[in-house]
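In what follows, a single structure is set out as structure tokens and then discussed.
Letters go in sequence order (proteins before strands), and every chain restarts at 1.
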Number of protein chains: 2
Amino acid sequence: MNPVNLKQLAQELNLSVSTVSRALSDSYEISATTKAKVQQLARQLGYEPNPYASSLRRQKSKTIGVVIPEVANNFFSLAINGIEEVARENNYHVLIYLTHDDAQQEATIVQHFASGRVDGILASLAGETQDFSHFSKLQERHIPMVFFDRVCEEFATAKITTDDYRSGYQATQHLLDAGCRHIAHLLISDHLSIGQKRLQGYLDALQAHGLTPDPALLLRGTSNKDRNQTLIQELLQQNPAIDGIFASVETLAMSSYLACRHLGRRIPEDVKIISFSNLEIADLLDPPLTTIAQPAYEMGREAARILFKSILKNRPILPTQSQELKSTLIQRKSTATT
Amino acid sequence: MNPVNLKQLAQELNLSVSTVSRALSDSYEISATTKAKVQQLARQLGYEPNPYASSLRRQKSKTIGVVIPEVANNFFSLAINGIEEVARENNYHVLIYLTHDDAQQEATIVQHFASGRVDGILASLAGETQDFSHFSKLQERHIPMVFFDRVCEEFATAKITTDDYRSGYQATQHLLDAGCRHIAHLLISDHLSIGQKRLQGYLDALQAHGLTPDPALLLRGTSNKDRNQTLIQELLQQNPAIDGIFASVETLAMSSYLACRHLGRRIPEDVKIISFSNLEIADLLDPPLTTIAQPAYEMGREAARILFKSILKNRPILPTQSQELKSTLIQRKSTATT
DNA sequence: TTGTACGCGTTATCAT
DNA sequence: ATGATAACGCGTACAA
């Protein structure tokens with residue numbers, strides 16, 4: 001059984017292809033009776049319009065592309081939920097591409113979008129990305145694009161972020177208030193602006209409290225979790241004074257838990273830990289993890305909304321449409337004072 | 001700047017469209033020099049072939065559709081990782097659709113696939129699904145389809161599952177060995193075959209130990225976590241003898257943790273808990289959760305491999321290509337004997 | 001080795 | 001109210 005097309009419907013009904021097409025799109029110029037006949041047969045034969053023919057003709061793909069580092073990550077999977085919801089509301093389809101934090105792969109993916117496969121793009125940068133020329137080329141082609149979370153500052157488009165500087169400051173402040181004086185900061189990447197902002201918040205908070213940041217207490221995580229745990233263990237051993245850890249991403253907090261356990265450091269008695277995290281069950285950890293939770297779902301949704309506003313109204317996206325949402329610090333036992 | 005197409009390249013080079021087309025596909029009938037010229041200009045102008053025109057012409061979309069209940073779920077996000085990897089290896093694109101466990105939405109999505117938008121489908125059923133006719137229609141159209149995890153037994157196609165009966169038996173056995181005599185079983189849905197198998201394993205294990213299963217100890221979870229926690233609390237209160245919980249999915253285990261905490265039941269002293277789960281950090285929970293971990297990534301990968309074998313060789317998928325992978329019981333403190 | 005012509009399925013324009 | 005026709009961009013059979 002082959003896919004049914006307009007021609008077959010037309011033949012069956014002794015109508016022209018164009019009449020059938022119009023009947024199906026509920027055009028006002030078609031009589032009610034023909035409409036009914038056509039639509040009934042279409043339903044009966046399970047007719048589905050060929051989306052590629054339609055895309056070719058209309059120069060619209062009804063598809064958006066989502067480019068993210070990983071999907072097995074609470075933040076991104078929640079964001080996808082938000083994106084998918086808005087896409088469905090607009091009868092759009094969602095193509096997912098994973099960069100695995102590899103700039104080269106990201107470039108390949110984005111380059112492909114010059115083909116017209118998607119009407120718009122939602123992207124969160126690979127940690128490695130330093131050269132943004134692949135994105136610029138898309139801008140020249142006027143393909144609307146919204147960045148979320150791991151944004152590219154330089155681009156004249158909308159970006160959905162959270163108040164990373166403030167959160168970084170607040171997290172550090174929280175540890176200081178809890179009595180920590182030697183706070184390590186674990187970051188993801190040297191290149192991401194959100195990482196830089198969180199770092200700057202950390203540095204400023206320390207200095208505001210009369211403390212001199214110690215570069216030895218900064219650790220760049222890798223993509224390998226075992227390696228990260230080892231690095232953190234070494235950090236803790238080489239700097240026994242460390243009494244607080246501020247992790248920029250969830251996995252680094254988890255590696256810190258394992259490192260502490262391995263070294264016999266108690267949380268929060270010996271080391272207090274706070275982390276950016278969208279772990280739903282932070283409360284069920286041992287000990288419960290104090291988190292800065294980003295509104296991941298809302299970020300995905302807002303990014304998608306802005307994108308669709310542009311696609312549907314055929315207007316360029318302006319940087320002024322950017323939004324900065326608020327993260328929430330949720331205090332739990334991992335930073336409790338004894 | 002408009003998307004570049006073959007016509008423009010042809011004009012620029014004083015060649016015909018077909019020559020350019022052939023040069024780009026590295027056809028043997030084109031001279032090396034023209035090929036070089038064409039390819040250079042194509043690169044220079046950032047030419048990307050229009051995938052929709054190509055799909056229309058070739059009747060191939062180079063796209064697969066993935067239909068799953070949720071993405072914010074460790075099992076499914078890991079599976080997507082596996083799927084995406086295989087898709088990328090084959091230069092295919094991945095469309096993601098979420099059913100949110102709603103059979104109606106699933107039917108709508110699947111129905112749309114009759115349009116030819118995808119060359120193949122990977123699906124994991126919505127918990128609610130009872131009527132499978134939407135899938136049958138696709139089979140009539142010979143669109144290759146592989147089910148994974150939440151499979152539909154009735155279909156003559158490949159299914160990737162885990163040894164759910166054995167795991168259900170083993171999980172129950174594990175609790176029995178730990179001394180439990182009143183074991184509750186929390187399931188997702190009455191309709192999913194994997195749920196039925198796990199349940200059967202549970203029932204058989206009980207009976208093999210001379211215990212009579214008590215229907216009052218079976219609880220069907222909902223899609224609402226708070227509601228689930230309430231239900232579990234009621235279950236525990238109405239059946240104070242319960243000393244073991246076997247959860248069929250991770251969220252029900254987490255709700256059980258919260259329920260126990262709320263009621264002051266200690267884990268594992270008062271109640272031991274075991275659950276199907278792909279939580280990476282089960283070990284960091286309080287107490288660490290004994291899990292049956294499914295090879296989610298591998299399942300996605302294998303399902304995708306089978307699908308691509310069919311797509312690329314243009315052969316139907318046979319039920320004999322089905323695979324049953326092994327889950328692993330990882331014993332942790334939540335089922336420890338005191 | 002290259003060019004011409006057609007068709008994939010749909011939609012939009014122009015006629016009747 | 002309906003039909004004929006062209007075009008979207010690409011790939012291929014056939015011609016030259």
Nearest heavy-atom contact between A114(B) and R141(B) is CB-NH1, 3.1 Å
Can you see if the side chain of [X] gets near the phosphate of [N] - specifically, an N or O under 4.0 Å from OP1 or OP2?
X      : N       : value
T19(B) : dG3(C)  : yes
N5(A)  : dG9(C)  : yes
Y52(A) : dT11(C) : no
S54(A) : dT10(C) : no
Y28(A) : dT2(D)  : no

Nearest-nucleotide pick for [X], side chain only, options being [options]:
X      : options                  : result
R57(B) : dA4(D), dT10(C), dG9(D)  : dG9(D)
S18(A) : dG3(D), dT11(C), dT2(C)  : dG3(D)
K7(B)  : dT10(C), dC8(D), dT1(C)  : dC8(D)
I30(B) : dG3(D), dT2(C), dT11(C)  : dT2(C)
A53(B) : dT10(C), dA1(D), dC10(D) : dC10(D)

Sugar-phosphate, base or nothing in reach of [X], heavy atoms under 4.0 Å:
X      : answer
S55(B) : nothing
V17(A) : base
L6(B)  : sugar-phosphate

Q.
Taking the ring centre of each residue, are H93(B) and Y97(A) less than 6.0 Å apart?
A. yes
request  = Check the pair R301(A) / E298(A) against salt bridge (Lys or Arg N to Asp or Glu O under 4.0 Å), numbers first and verdict last.
outcome  = CA-CA 5 Å; R301(A) 208 185 45 194; E298(A) 289 79 8; 5.1 Å; no
Whole Å only: how far is the [atom1] atom of [X] from the [atom2] atom of [N]?
X      : N       : atom1 : atom2 : answer
R58(B) : dT12(D) : CZ    : C1'   : 10 Å
L56(B) : dC10(D) : CG    : P     : 12 Å
Q59(B) : dT12(D) : CD    : C1'   : 14 Å

**Q.** Chi angles and distances behind the salt bridge (Lys or Arg N to Asp or Glu O under 4.0 Å) call for E302(B), R305(B)
**A.** CA-CA 5 Å; E302(B) 288 312 311; R305(B) 281 193 185 153; 3.0 Å; yes
Notebook entry, point to check: Are R58(A) and D119(A) within salt-bridge range, i.e. N to O under 4.0 Å?
Noted result: no
